[in-house]
Amino acid sequence: MGGIGILSIVILYMILLLVLGIWSARISTQGSSEYFLGGRKLGPWVLSMSEKASESSGFMTVGLPGEAYSSGMSAAWNAVSSVFSIFNWLFFAKRIRRLSEIQNSITVPDFLSARFKDDTHIMRWVSIVVMTIFMTVYVCAQFVAFGVLFEVVLGVNFATGVIVGGIVTIIYTILGGFFAVSLTDFIQGLLMAFAFLVLPILAITEIGGFNEMGYQLTDMMGQEFLAPFFGNSALTLAGLIAIISYLFIGIGFNGSPHVLVRYMALRHTRDVKRIALIGIIWMMVAYYGAVLIGLSGLALFPDLADPEHIFPTMTVELFPWWIAGIIVAAALSAMMSSIDSMLLIASSTIAEDLWNKILKKGELREDKTILISRIATALLGLIAIIIALNPLDTVFWLAVFAWAGLATCFGPPIILSLFWKGVTKTGAIAGMIVGPLVTVIWYFWPPVDIYEGGPAFIAAMLTIVLVSLFTKPPEGDDFERLWDTYSEKNELGRFSFLPSDEAVIRNLKASNLGDRTEKEIIMELLDSEHKSASAFRTN
């Protein structure tokens, strides 16, 4: 019953995702904003879980447990990178949401082109090339993880797992757009949290507790395996470089388009603090749960030929079939949540930025734009499936390489564009090229054994700053009005209202305020990032 039961649960789960995609199609076909950003109507829980699930990918269920299985306690330093995600929500998310609303941007290339007044479309072309290449590599890594999971758990051959999992994900992404992606990511995020919480607890209990696990791992691998600084009890230069490498992985949160688009999709800036809190809790459970799965898995199953098989192996061996089916669905969730986001972002760039803005000069009907995006989703997904059938590297390194390429292209120009009026179009374009180029060079020919994302990100930042200092910044009345509106603050030193902020206040009902003092009303508005009570209206 075990194998058939698990397979039945997985099939039911995939059917559920397809049903959600079909149901979401009624919203996604209302217009480009609805298809690409969910109409900016998603609440904090759905958006937060969607962001976390899409960030995690097969890296969390296949890559990171396998890394801990191979390298020991030092794999926990991966969690250091998660601090960048929270940093982004606190310092960048509100500004990106604000500027994207003012510019009416619905894609990341659209955001950059509007900010730098790039009528030449060079930014869009660079974005299209970088997204197509690196997102295909990232999606390929998730399809490889599909194959591993199906092969180990269900006894299905690797190629079948890649093809079946890939096709289901492609279909519901095509049908439902961003709304379907976010709803399915919400479910997937909850399932993943369950898996990362329950599986290590059960495994460590099976071993006999933390102390017993430590004794067994020390006997098997030596004390250095559990040393916190990469085989040493004290921090060494090599250990410091390794920690910096893990920290550099976090820069991906600053520039990955599927993360940035979540900031653009915010209903309003009031949701940011709640989303950040939900994200902190989820990430701590996920990262440390994944590491503990790898460590406890080594104690229980020390002879695995492939360390990246540890998550599915533990699932099948430790749980009854019906719980194992849920855990396997959670593992599939980690991969699907990244695939759907990546495919949607890449295809939306092809449809909106290439087809509509470049080829059709912005005159393409919205229904045609959505159709082209759906076709691009199918084509990119099929290409990634074909590549995944003959993978070039492990899931872990495929994912972090693509993560770096995307982050170093988009992170530096967007961050600088939010705070520095003098960033130039030429500088931004130069940085967008230098970042991915250094990523590729460092990956294949590293002068220093450190994660390629860090040096590439720094190189892109420096390039943008230096080139901007010697080239002409955006100018003209349109740009001045844009920057003035974006940076406008009131007497309290807070950003002025945007239409989305005012809509929130209009929706407050006067009946809710009858028993409250004026001070309480003003303090709530200020705490909610609203800048002045004078804009409040009860009509």
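When a residue number appears, it is its place in the shown sequence, counting from 1. Predicted, not measured: the structure shown is a model, and the values here were computed from it. Hydrogens, waters and symmetry mates play no part in the numbers below; they use all other heavy atoms, side chains included.
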K.L.:
Can you tell me how far the CE atom of Met221 sits from the OG atom of Ser71, to the nearest 0.5 Å?
P.N.:
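Output value for this atom pair is 9.5 Å.
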
K.L.:
Evaluate the side-chain proximity of Pro109 to Met131: yes if any heavy-atom separation is below 4.5 Å, no if none is.
P.N.:
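Result yes, sub-4.5 Å side-chain heavy-atom pair found.
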
K.L.:
Taking the side chain as every heavy atom from C-beta outward, state whether Leu217 and Leu298 have any atom pair closer than 4.5 Å.
P.N.:
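Yes, close enough: below the 4.5 Å cut-off.
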
K.L.:
Does some side-chain heavy atom of Ile415 sit less than 4.5 Å from a side-chain heavy atom of Phe457?
P.N.:
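Counting from C-beta outward, Phe457 and Ile415 do come under 4.5 Å.
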
K.L.:
Does the side chain of Arg374 come within less than 4.5 Å of Ser347's, by heavy atoms?
P.N.:
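When only atoms from C-beta onward are counted, Arg374 and Ser347 do not touch, as no gap falls below 4.5 Å.
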
K.L.:
Would you give the length of the straight line joining atom CZ of Phe401 to atom CZ of Phe444, rounded to the nearest 0.5 angstrom?
P.N.:
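Rounded to the nearest 0.5 Å, the CZ-CZ separation comes to 5.5 Å.
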
K.L.:
As an exercise, state the distance from CG of Leu304 to OG1 of Thr313, rounded to the nearest 0.5 Å.
P.N.:
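Interatomic distance, Leu304 CG to Thr313 OG1, rounded to 0.5 Å: 5.0 Å.
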
K.L.:
Please find the pair of heavy atoms, one from Val126 and one from Cys409, that lie closest to each other, and give the distance.
P.N.:
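Shortest heavy-atom contact: CG1-SG, 4.4 Å.
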
K.L.:
Hey, would you say the Phe196 and Tyr288 ring centroids sit under 6.0 Å apart?
P.N.:
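That pair fails the under 6.0 Å test.
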
K.L.:
Minimum heavy-atom separation for Ala388 to Val162, with atom names?
P.N.:
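Residues Ala388 and Val162, closest heavy atoms: CB-CG1, 4.0 Å.
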
K.L.:
Rounded to the nearest 0.5 Å, how far apart are OG1 of Thr377 and CG of Leu382?
P.N.:
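Answer rounded to 0.5 Å: 10.5 Å.
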
K.L.:
Can any side-chain N or O of Ser100 pair as donor or acceptor with the backbone N or O of Arg97 at less than 3.5 Å?
P.N.:
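At least one qualifying donor-acceptor pair exists.
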
K.L.:
Walk me through it: do Phe134 and Thr408 pass the test side chain to side chain contact (heavy atoms under 4.5 Å, CB included)?
P.N.:
CA-CA 11 Å; Phe134 286 100; Thr408 56; over 6 Å; no

K.L.:
In Å, rounded to the nearest 0.5 Å, how long is the span from CD1 of Ile386 to CD1 of Ile163?
P.N.:
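So the gap between those two atoms works out to 9.5 Å.
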
K.L.:
Which is it for Leu318 and Glu206 under the side chain to side chain contact (heavy atoms under 4.5 Å, CB included) test, yes or no, and what are the steps along the way?
P.N.:
CA-CA 8 Å; Leu318 298 181; Glu206 181 78 13; 4.2 Å; yes

K.L.:
List the atom of Ala459, the atom of Val438, and the distance in Å for their closest heavy-atom pair.
P.N.:
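Looking at all heavy atoms of both residues, the shortest contact is CB-CG2, 4.1 Å.
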
K.L.:
How about Gln223: does its CD atom have over 12 heavy atoms from other parts shown lying under 6.0 Å from it?
P.N.:
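No - once you tally the heavy atoms of other residues, nucleotides and ligands closer than 6.0 Å, there are 12 at most.
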
K.L.:
Using side-chain heavy atoms (C-beta onward) and a distance below 4.5 Å, is Ile293 in contact with Met314?
P.N.:
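In short, these two side chains touch, coming nearer than 4.5 Å.
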
K.L.:
Evaluate the side-chain proximity of Leu202 to Phe319: yes if any heavy-atom separation is below 4.5 Å, no if none is.
P.N.:
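Contact flag for Phe319/Leu202 side chains = yes.
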
K.L.:
Looking at every non-hydrogen atom in both residues, tell me the closest pair between Pro436 and Val130 and how far apart they are.
P.N.:
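Shortest heavy-atom separation between Pro436 and Val130 comes out as CG-CG2, 4.0 Å.
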
K.L.:
Could you give me the CA-CA distance, side-chain angles and deciding distance for Thr349 and Thr107, then say whether side-chain hydrogen bond (donor to acceptor under 3.5 Å, both in side chains) is met?
P.N.:
CA-CA 7 Å; Thr349 297; Thr107 68; 5.2 Å; no

K.L.:
Using side-chain heavy atoms (C-beta onward) and a distance below 4.5 Å, is Thr218 in contact with Phe225?
P.N.:
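No, side chains not in contact.
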
K.L.:
Backbone N or O of Val448 within a donor-acceptor pair of the Trp442 side chain at under 3.5 Å?
P.N.:
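Here the side-chain-to-backbone pair exists.
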
K.L.:
Please evaluate residues Ser373 and Glu352 with respect to the criterion side chain to side chain contact (heavy atoms under 4.5 Å, CB included), reporting the C-alpha separation (whole Å), side-chain torsions for both, the decisive distance (0.1 Å), and the verdict.
P.N.:
CA-CA 8 Å; Ser373 178; Glu352 176 66 18; over 6 Å; no

K.L.:
Roughly how far, to the nearest 0.5 Å, is CG of Leu300 from CD of Glu317?
P.N.:
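Glu317 atom CD to Leu300 atom CG measures 10.0 Å (nearest 0.5 Å).
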
K.L.:
Show, in sequence, the C-alpha distance, side-chain angles and deciding distance for Val139 and Ile387, and conclude whether the side chain to side chain contact (heavy atoms under 4.5 Å, CB included) test is met.
P.N.:
CA-CA 10 Å; Val139 170; Ile387 297 173; over 6 Å; no

K.L.:
Are Leu389 and Phe143 close enough that some pair of their side-chain heavy atoms sits under 4.5 Å apart?
P.N.:
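They are not in contact (no side-chain heavy atoms under 4.5 Å apart), so the answer is no.
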
K.L.:
Over all heavy atoms of both residues, which pair between Gly453 and Ala404 is shortest? Give the atoms and the distance, please.
P.N.:
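Heavy atoms of Gly453 and Ala404 come nearest at CA-CB, 3.6 Å.
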
K.L.:
Locate the shortest heavy-atom distance separating Ile207 from Gln216; write the atom from each residue and the value.
P.N.:
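Scanning both residues completely, I find the closest heavy atoms to be CG2-NE2, 3.7 Å.
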
